[in-house]
Visitor: 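Quick one: the structure is below, questions incoming.
The residues of the chain are indexed from 1 along the displayed sequence.
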Amino acid sequence: GIGISKFDKKTKKFTNYNTTNSPLKDNNVRVLIPSRQKNKYWIGYNQQGLGLATIQNNQIKIEKHYVPDPKNSQSIAGKVIVSLCEDRQG
């Protein structure tokens, strides 16, 4: 994987984010969807669970990162995320 690429319509250039130049947890991003919250995106990783990130001013900030916790029955079930859908509560 190469991480996330963001296209700027004005400059017609891509900005590439990966584990060496951003706080991404894995370069193998399987799914990325916009959140209902402004400038926030849900990131589904191939082996690193789920993340909620802010992407603004050509920078990524990971707000939350969810991975399985065997001691917590309420935690995310697995590390591999293949699809995402945000409910009304976010």
Visitor: Rounded to the nearest 0.5 Å, what's the gap from CD on Glu86 to OH on Tyr41? Could you check?
Guide: 12.0 Å

Visitor: Quick check for you: to the nearest 0.5 Å, what is the distance between Thr54 atom OG1 and Gln37 atom CD?
Guide: 8.0 Å

Visitor: Begin from the C-alpha positions of Asn46 and Arg30 and carry the test side-chain contact (heavy atoms from CB on, under 4.5 Å) through to its verdict.
Guide: CA-CA 6 Å; Asn46 189 45; Arg30 293 189 71 142; 2.9 Å; yes

Visitor: Does a sphere of radius 6.0 Å around NZ in Lys61 hold more than 12 heavy atoms from other residues, nucleotides or ligands, not counting ones at 6.0 Å or beyond?
Guide: no

Visitor: Applying side chain to side chain donor-acceptor pair (under 3.5 Å), can you list everything that pairs with Ser83, at least two apart in sequence or on another chain?
Guide: none

Visitor: Between atom CD of Gln74 and atom CG of Asp69, what is the distance when rounded to the nearest 0.5 Å?
Guide: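 Reported to 0.5 Å precision, the distance equals 11.5 Å.
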
Visitor: Does one hydrophobic cluster hold both Val80 and Val67, with members joined at side-chain heavy-atom distances below 4.5 Å?
Guide: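 Val80 does not cluster with Val67.
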
Visitor: Is atom NZ of Lys79 surrounded by more than 12 heavy atoms (other residues, nucleotides or ligands) closer than 6.0 Å?
Guide: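 No - once you tally the heavy atoms of other residues, nucleotides and ligands closer than 6.0 Å, there are 12 at most.
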
Visitor: Are any side-chain N or O atoms of Asn18 and backbone N or O atoms of Ile2, one a donor and one an acceptor, separated by less than 3.5 Å?
Guide: no

Visitor: For Phe7 and Phe14, take the angle between the two ring planes, folded into 0 to 90°, and tell me which bin it lands in: parallel under 30, tilted 30 to 60, perpendicular over 60.
Guide: tilted

Visitor: OG1 of Thr15 to CD1 of Ile60: how many Å apart, nearest 0.5 Å?
Guide: 9.5 Å

Visitor: Could you state the interatomic distance from CG (Leu24) to CD (Gln48), rounded to the nearest 0.5 Å?
Guide: 11.0 Å

Visitor: Give a yes or no on whether Tyr17 and Ile62 share a hydrophobic cluster (residues Ile, Leu, Val, Met, Phe, Trp, Tyr; joining criterion: side-chain heavy atoms under 4.5 Å apart).
Guide: yes

Visitor: Hey, quick one: are Tyr45 and Ile33 part of the same hydrophobic cluster, counting side-chain heavy atoms closer than 4.5 Å, chains of contacts allowed?
Guide: no

Visitor: How long is the gap from NZ on Lys13 to CG on Asp8, to the nearest 0.5 Å?
Guide: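 If we round to the nearest 0.5 Å, Lys13:NZ and Asp8:CG are 9.5 Å apart.
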
Visitor: Is there a path of hydrophobic side-chain contacts, each under 4.5 Å between heavy atoms of I/L/V/M/F/W/Y residues, joining Val31 to Ile76?
Guide: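 Linked within one cluster.
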
Visitor: List the steps and the verdict of side-chain contact (heavy atoms from CB on, under 4.5 Å) for Leu52 and Lys40.
Guide: CA-CA 7 Å; Leu52 178 63; Lys40 294 192 185 284; 4.2 Å; yes

Visitor: Is it the case that the side chain of Asp26 and the backbone of Gly1 share a donor-acceptor pair, with hydrogens and angles ignored and the cut-off at 3.5 Å?
Guide: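 It does not hold such a pair.
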
Visitor: Is it the case that atom CD in Gln59 sees more than 12 heavy atoms from other parts of the structure closer than 6.0 Å?
Guide: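 At most 12 heavy atoms, drawn from other residues, nucleotides or ligands, come within 6.0 Å of this atom.
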
Visitor: Side-chain contact test, heavy atoms from C-beta onward, threshold under 4.5 Å: evaluate it for Lys25 versus Ile43 and give yes or no.
Guide: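 A side-chain contact is absent here, since even the closest heavy-atom pair is not under 4.5 Å.
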
Visitor: Determine whether the side chains of Asn27 and Thr19 contain a donor N or O and an acceptor N or O closer than 3.5 Å.
Guide: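 Indeed, the side chains of Asn27 and Thr19 share at least one donor-acceptor pair under 3.5 Å.
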
Visitor: Any side-chain to backbone donor/acceptor pair from Arg36 onto Asp87? Under 3.5 Å, distance only.
Guide: yes

